[in-house]
A.B. asks: 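Sharing a structure, written as structure tokens. Questions coming.
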Amino acid sequence: MSYLASWFWNQGNYREKNEDSFSLQRVRLNGLLGRRQEAALVAVCDGIGGLPQGETASGFVVEQLTKWFYRKGLGLMGGLFWTKRTARAAVEALWRIQGQMERCEKAEGICCGTTCTVALVRGKRFLVLHVGDSRAYRVGRKEWRLTQDHVKGGALCRCVGAFSFWHPDLCKGRLGKGESLLLCTDGFCRLAPQGFFKGALLGENEGEQTPYKRLKGVAGFLRAQGEKDNQTAVLLSYRGRG
């Protein structure tokens, strides 16, 4: 397989429930000239705690994105120039999800919302779409933060659901061999200093269990620093094959 993947999902010590949701999907594609590549979807959503049904909002968005990935996304990702076409289709999918949530909110008389950071990966190429204050990082010899928080005056100002539709930020790039994509909610990164993940998550001789242990160690360290929020992270490392 092209990637080594792991995830961490934890309620934390203070929250009554976990309002984070995530999806990690990996599929083999038949590529050009008989080459086989792996495609992946990673989505991380953090339900807005100040609004009701945050866990429902994040779970719904993750579920709908996963359905879209298998119904349409994979077909687009198998073609040439896939990032441009897939980006357009993914934005349209988020727009439809926004409409579905608005109709449900009106019918139920509630207002809920969630952040949404999603990565679509084929081989070494990746595409990231982002709304809210969850984050995406590229981690290798250096640490690159790929997203910016949509926060104004200390409050979240963009999300999927509660507010009107916001066009997601888009980011494209490549992974080098041994580099990783990290998608996480703010409870996993808010107290992390710049460059922290480079040293905490990568190392030599990585076995199947090592990435999870490192994610768990990072989460525990941040809780010891005072983090009280739910913590969710997905790490996808490119192995340089396929």
Side-chain angles (χ1 to χ4, degrees), residues 7 9-12 14-25 27 40-77 85-120 127-136 147-170 183-188 190 228-234:
W7 54 270
W9 186 77
N10 189 271
Q11 179 176 327
Y14 301 93
R15 295 286 189 176
E16 295 183 358
K17 52 189 174 182
N18 196 335
E19 296 183 317
D20 294 350
S21 299
F22 77 94
S23 180
L24 171 59
Q25 310 296 322
V27 179
L41 164 80
V42 180
V44 169
C45 294
D46 181 359
I48 299 175
L51 298 175
Q53 300 296 320
E55 71 282 7
T56 302
S58 66
F60 177 76
V61 173
V62 162
E63 178 185 45
Q64 294 303 311
L65 285 172
T66 302
K67 289 181 178 178
W68 170 84
F69 176 68
Y70 285 107
R71 291 173 178 173
K72 187 171 183 178
L74 276 175
L76 294 170
M77 293 177 72
R85 296 178 180 178
T86 305
R88 185 183 305 115
V91 171
E92 291 175 354
L94 285 173
W95 180 79
R96 288 193 296 270
I97 291 170
Q98 173 73 25
Q100 289 175 286
M101 292 186 67
E102 289 178 356
R103 290 191 292 274
C104 291
E105 290 171 351
K106 185 176 181 180
E108 298 295 329
I110 62 172
C111 180
C112 61
T114 179
T115 70
C116 181
T117 303
V118 55
L120 295 153
L127 165 69
V128 173
L129 297 89
H130 167 72
V131 180
D133 63 355
S134 296
R135 294 181 185 174
T147 59
Q148 296 300 316
D149 298 345
H150 295 140
V151 174
K152 189 173 183 179
L156 187 69
C157 60
R158 297 187 187 183
C159 72
V160 179
F163 313 132
S164 59
F165 178 72
W166 290 93
H167 193 288
D169 294 344
L170 300 176
L183 270 66
C184 57
T185 57
D186 61 342
F188 195 86
R190 177 169 36 216
K228 297 183 178 182
D229 205 352
N230 307 142
Q231 294 177 304
T232 299
V234 182

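Positions are given from 1, in the same order as the sequence printed here.
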A.B. asks: State the CD1-SG distance between I48 and C159, to the nearest 0.5 angstrom.
C.D. replies: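 Those atoms lie 3.5 Å apart.
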A.B. asks: Minimum heavy-atom separation for D169 and Q148, please, with both atom names.
C.D. replies: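 That would be OD2-O, 4.4 Å.
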A.B. asks: For V61 versus C45, what's the shortest heavy-atom pair and its separation?
C.D. replies: CG1-SG, 3.8 Å
A.B. asks: Is W68 atom CH2 crowded by more than 12 heavy atoms from other residues, nucleotides or ligands, each under 6.0 Å away?
C.D. replies: yes
A.B. asks: Counting only N and O atoms by type, is there a donor-acceptor contact under 3.5 Å from the side chain of D133 to the main-chain atoms of H150?
C.D. replies: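 Absent.
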A.B. asks: Given L120 and F69, is the side-chain contact (heavy atoms from CB on, under 4.5 Å) satisfied, shown in steps?
C.D. replies: CA-CA 9 Å; L120 295 153; F69 176 68; 3.9 Å; yes
A.B. asks: Between V44 and D20, is a side-chain contact (heavy atoms from CB on, under 4.5 Å) present by the stated rule, with each step listed?
C.D. replies: CA-CA 7 Å; V44 169; D20 294 350; over 6 Å; no
A.B. asks: So, for T66 and S23, which heavy atoms are closest and what is the spacing to 0.1 Å?
C.D. replies: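 Looking at all heavy atoms of both residues, the closest pair is OG1-OG, 2.8 Å.
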A.B. asks: To check you understand the geometry: which heavy-atom pair defines the closest contact between A136 and V128, and what is its length?
C.D. replies: CB-CG1, 4.1 Å
A.B. asks: Can any side-chain N or O of H130 pair as donor or acceptor with the backbone N or O of G132 at less than 3.5 Å?
C.D. replies: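 Side chain of H130 to backbone of G132, a donor-acceptor pair under 3.5 Å: yes, one is there.
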A.B. asks: Do L65 and I97 make a side-chain contact, defined as non-hydrogen atoms from C-beta onward lying under 4.5 Å apart?
C.D. replies: yes
A.B. asks: Going by the salt bridge (Lys or Arg N to Asp or Glu O under 4.0 Å) test, name the single residue among R190, R158, R135 that passes it with D149.
C.D. replies: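 Testing each of R190, R158, R135 against D149, the sole residue satisfying salt bridge (Lys or Arg N to Asp or Glu O under 4.0 Å) is R135.
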A.B. asks: For N230, which of T185, D186, N18 qualifies under side-chain contact (heavy atoms from CB on, under 4.5 Å)?
C.D. replies: N18
A.B. asks: Check whether any side-chain N or O of Q231 sits under 3.5 Å from a backbone N or O of N10 as a donor-acceptor pair, and report yes or no.
C.D. replies: no
A.B. asks: So how far is it from L24 CG to L183 CG, rounded to the nearest 0.5 Å?
C.D. replies: 10.5 Å
A.B. asks: Between the main-chain N or O of G161 and the side-chain N or O of Q98, is there a donor-acceptor pair closer than 3.5 Å?
C.D. replies: yes
A.B. asks: For V91 versus P168, what's the shortest heavy-atom pair and its separation?
C.D. replies: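 It is CG2-CG, 3.8 Å.
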A.B. asks: Distance from W9 atom CH2 to F22 atom CZ, nearest 0.5 Å?
C.D. replies: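 Separation between the atoms: 8.0 Å.
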A.B. asks: Take M101 and Q64, measure what side-chain contact (heavy atoms from CB on, under 4.5 Å) needs, and give me the verdict at the end.
C.D. replies: CA-CA 11 Å; M101 292 186 67; Q64 294 303 311; over 6 Å; no
A.B. asks: Measuring from R103:CZ to K106:NZ, what's the distance to the nearest 0.5 Å?
C.D. replies: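 The CZ atom of R103 sits 10.5 Å away from the NZ atom of K106.
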A.B. asks: Would you mind reporting whether W7 and V42 have side-chain heavy atoms less than 4.5 Å apart?
C.D. replies: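 Not touching, per the 4.5 Å side-chain cut-off.
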A.B. asks: Under the criterion side chain to side chain donor-acceptor pair (under 3.5 Å), which of T115, D46, T232 is the partner of S134?
C.D. replies: T115
A.B. asks: For S58 and S21, test the side chains for any donor-to-acceptor distance below 3.5 angstrom and give the result as yes or no.
C.D. replies: yes
A.B. asks: Measuring only between side-chain heavy atoms, which start at C-beta, is C112 closer than 4.5 Å to T56?
C.D. replies: no
